Structures are given as C-alpha cells and as structure tokens.
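Working notes, beginning with the structure itself.
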Amino acid sequence: MPSRLLAIETSCDETSAAILTSVDGERRLDSVVILSQDVHAIFGGVVPELASRAHLRTVGPVVDRALAEAGISLDQVDAFAVTAGPGLVGALLVGVMYAKTLAWSLGRPLLGVHHLEGHLFAPTLEDREFRPPFVGLLVSGGHTMLLDVPAWGDYRLLGETRDDAAGEAFDKVATLLGLGYPGGPLIEKLAPSGRAGRFDFPRPMLRDVERPGPDRYAFSFSGLKTAVLRAVRASDDLERDRADLARGFQDAALEVLVEKTAHATESLGYATAMIGGGVACNRTLAARLRERLAGQARVAVASNRLNTDNAAMIAAAGAWRLARGDRSGPDLEPRADLPFPGLVHSALLSELPA
Ligand code: KG4
Ligand code: ZN
C-alpha cells in the first residue's frame with residue numbers, strides 16, 4: 001500500500017505544496033508546486049503583512065494543484081506535514097491552519113516540521129546515496145549554520161553566524177550595487193564578469209578555523225557588507241566597478257563558507273558534505289567546495305528548485321519523522337523561533353584536532 005504525504009510550506013514568501021509517496025520503503029516525489037510572491041520585489045525585501053495575505057489567497061489553489069499534478073484526491077492523502085517554524089509567524093500561521101484543518105477533517109496524522117531540518121533533507125529527494133554522517137552547511141536568507149550530522153535527528157551545531165546570514169549579505173550587497181531583490185542570483189550572475197582581486201575584501205573569521213575554540217566554525221558577514229559599502233561610496237564610477245565589486249564580495253563570502261565546511265568535514269573524517277538553503281543555489285559555492293574536498297569527500301547539493309523554500313523538503317523531513325512515530329496534536333502552533341529538534345551545541349568544538 002503506498003503511503004501519501006501532503007506537505008505545505010508558507011514560512012516566508014513562497015507558497016508551496018508537495019505530495020511524497022512511499023511504496024515499499026522507496027520514496028517518490030509525485031508533485032511539488034512553488035508559487036513565489038513577486039509583490040516584495042518593489043520593497044527590496046519581504047514585507048510580512050503582504051506575505052501573509054498572499055499565502056491566504058494562494059494556499060488553497062497551490063494545494064489543489066499539487067493534488068492534481070500527483071493525480072490523487074484529498075481523501076487519498078494518508079498524512080500531512082507543515083512547516084511550523086522558524087519564519088514569519090503570520091505567514092507560517094496560514095500553512096499551519098490549513099494543514100491542521102485538512103488533517104483534522106480527514107482524521108489523518110499531522111506533523112509540524114522545522115524549516116531548517118527540511119533544508120537538510122532536500123538532497124535525499126534526488127540523491128539516493130545521500131545520508132548521514134555528513135557535515136551540513138545551511139545557508140539561507142535567515143540562517144548560516146554549520147552542522148555535524150552523525151545521524152538523522154542528531155544535529156550538532158559546530159558554528160553559526162554572529163550577525164547577518166549569508167543570504168542576507170548577498171541581498172544587502174546586491175541592494176548596495178543597485179541590482180535588485182533577491183540579490184543572491186543577481187550577484188552570482190554578475191560576478192564572473194568581474195575581475196578577481198581588484199577588490200580584496202576581508203574574509204571574516206577565516207583565520208579562526210585554524211584554532212580550536214568557539215570561533216572556529218563561526219561566521220560573520222556584517223563587516224564584509226560594510227567593506228563593500230565603503231568601496232561603493234569610494235567608487236567614482238559604479239557602472240564600471242559593479243561587476244568587480246560583486247566578484248570581490250562573492251569570492252570573500254564563499255571562501256569563508258568553503259574553508260570552514262571543508263575543515264569540519266576533514267576533521268570529522270566524513271566522506272560527505274552537504275550545502276542547503278537558498279544560497280546553495282550558488283553553483284560557484286558548490287563548485288569551490290567540490291574542488292576543495294576533491295578526493296576526500298563528496299558534496300551533496302539539491303537542484304535549485306529544492307534549495308530555495310519548497311514543500312518537497314518539508315515532506316522529506318516529515319516522512320522521516322512520521323515513520324518514527326512523531327505526531328503533532330491539535331494544539332500545533334507556528335513559532336517564529338521554533339527550536340531545531342535534536343540540535344545540540346557541539347562538544348567536539350574544543351576536541352577537534354587543529
Ligand atoms: O532558503 P531561502 O529560499 O529562504 C530562506 O529560508 O531564507 O533562501 C533565500 C536566500 C536569499 O537571501 C537569496 O538571495 C539567497 O538565498 N540566494 C542566493 C542564490 N540564490 C538564492 N545566494 C547566493 N547565490 C545564489 N545563486
Ligand atoms: Zn529556507
């Protein structure tokens with residue numbers, strides 16, 4: 001008997017639904033529908049109130065479309081998963097209420113899923129070989145975390161950002177360069193036409209990787225952003241310098257991400273590293289990490305549509321948790337600051353060899 005899971009994701013500015021079917025232990029993604037809200041572009045960032053309103057309008061049609069593409073009706077769904085946090089609470093609320101209503105009216109199990117655990121599971125949908133143990137770099141608009149993942153559900157935080165998230169830095173720098181929103185893809189597109197080294201921006205906290213301690217795998221991007229701001233102000237011709245600035249920023253940001261991820265992978269002796277979250281769409285990031293770990297570890301990265309926010313990754317994480325018996329009750333509430341399930345600060349920090 002196939003078991004069908006319907007997942008919903010509304011944590012930020014994408015309304016998404018997906019159907020994941022499990023047959024005899026094999027999983028199959030039957031559909032994933034992702035509707036991006038373009039209303040935020042003119043504001044240069046996500047406006048929470050507008051995001052909630054747009055989710056309200058679109059969640060029903062997006063779910064219906066996911067069912068239609070999978071060729072099933074609602075009563076053939078066996079369980080529901082929904083992003084319960086972290087994210088914009090008003091946006092999360094729409095998905096959680098919708099999923100709760102469907103689950104309770106049909107009498108089927110429901111599970112609230114942590115958004116970042118979803119990002120960690122994304123590569124499993126396309127890569128059968130991908131499984132723990134691995135080092136995971138989660139880089140999105142809201143988070144930058146380096147995790148030791150010895151097993152699913154066992155997440156050891158090696159380090160995270162002290163200020164801006166990596167994606168946030170891409171977005172802010174893109175705004176400084178007059179490129180638009182979201183900035184990550186625009187910087188990635190422009191950077192190859194810029195000259196390497198013309199702007200030699202700082203690599204924040206890069207040297208800390210050589211010393212055991214709490215800064216070893218920590219990140220910081222606000223100083224780098226300020227350095228770009230200064231260079232933009234000092235430029236007498238932004239048209240001429242724009243691509244060089246994008247190149248300089250991207251090279252600096254990626255070097256820190258690559259070096260810390262590679263160092264952790266080597267130190268733990270793992271054969272796999274993964275990159276997840278919106279910034280994992282950056283193919284230069286994946287290519288440089290692969291180059292750095294060549295002959296030592298493989299780098300798992302999902303395709304772009306599964307790296308930015310989507311319900312398929314929520315289905316993948318939800319299916320794993322539902323199979324172990326995890327369930328949410330009718331009291332499931334969205335939380336902007338939902339704690340990462342199974343996350344502990346790594347005691348390995350000071351024990352890892354230099
Ligand atoms: O995971 P995500 O879709 O949403 C959050 O949970 O935050 O990540 C969105 C972030 C944005 O900051 C966006 O600029 C960044 O991912 N991003 C990229 C690229 N594509 C998206 N950053 C760098 N290079 C890209 N190609
Ligand atoms: Zn995300």
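What you are looking at is a predicted structure, and each value in this text was computed from that prediction instead of being measured. In each ligand, atom 1 is the first atom listed, and ligand 1 is the first ligand listed.
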Do any nitrogen or oxygen atoms of [X] come within less than 3.5 Å of a nitrogen or oxygen of ligand 1?
X	result
G184	yes
P182	no
D171	yes

Does the separation of the ring centres of F43 and Y181 fall below 6.0 angstrom? no
For the rings on Y217 and H263, is their centre-to-centre separation under 6.0 Å? yes
Does A68 have any side-chain contact (heavy atoms from CB on, under 4.5 Å) partners at least two apart in sequence or in another chain, and if so, which? none
Counting N and O atoms only, with roles assigned by atom type, does the side chain of N310 sit under 3.5 Å from a partner on the main chain of L306, one being a donor and the other an acceptor? yes
Treating Q37 as the side-chain partner and A51 as the backbone partner, does any N or O pair qualify as donor plus acceptor under 3.5 Å? yes
Could you establish whether H143 and ligand 1 come within less than 4.0 Å of each other, counting only heavy atoms on the residue side? no
G142 touching ligand 1 at heavy-atom level, < 4.0 angstrom: yes
Tally every protein N/O/S atom whose distance to the Zn ion (ligand 2) is less than 2.8 Å; waters are neither shown nor counted. 3
Numbering the atoms of ligand 1 from 1, which are under 4.0 Å from a heavy atom of [X]?
X	result
H115	6 (O)
H119	1 (O)
S140	1 (O), 5 (C), 6 (O), 7 (O), 8 (O)
T308	3 (O)
G167	12 (O)

Protein heavy-atom partner closest to [atom] - residue, atom, separation in Å:
atom	value
atom 8 (O) of ligand 1	G278 CA, 3.3 Å
atom 26 (N) of ligand 1	E188 OE1, 2.8 Å
atom 7 (O) of ligand 1	G141 N, 2.8 Å

So, are [X] and [Y] salt-bridged, with charged N and O less than 4.0 Å apart?
X	Y	result
R288	E255	no
E210	R207	no
R283	E188	no
R195	D244	yes
R162	D215	yes

Distance alone, cut at 3.5 Å: any donor-acceptor contact between the side chains of R57 and T15? no
Taking atom 24 (N) of ligand 1 as the point of reference, which of I34, N282, V139, V173 owns the nearest heavy atom? N282
Selected option - heavy-atom contact closest to atom 6 (O) of ligand 1, from T83, D309, L116: D309
Short version for E14: what comes under 4.0 Å of ligand 1, heavy atoms counted, is neither
Hey, what's the ring geometry for F199 with F201, parallel, tilted or perpendicular (30° and 60° as the breaks)? parallel
Parallel, tilted or perpendicular, as decided by the 30° and 60° cut-offs, for the rings of W152 and W320: tilted
4.5 Å side-chain heavy-atom contact, F249 and L224: yes
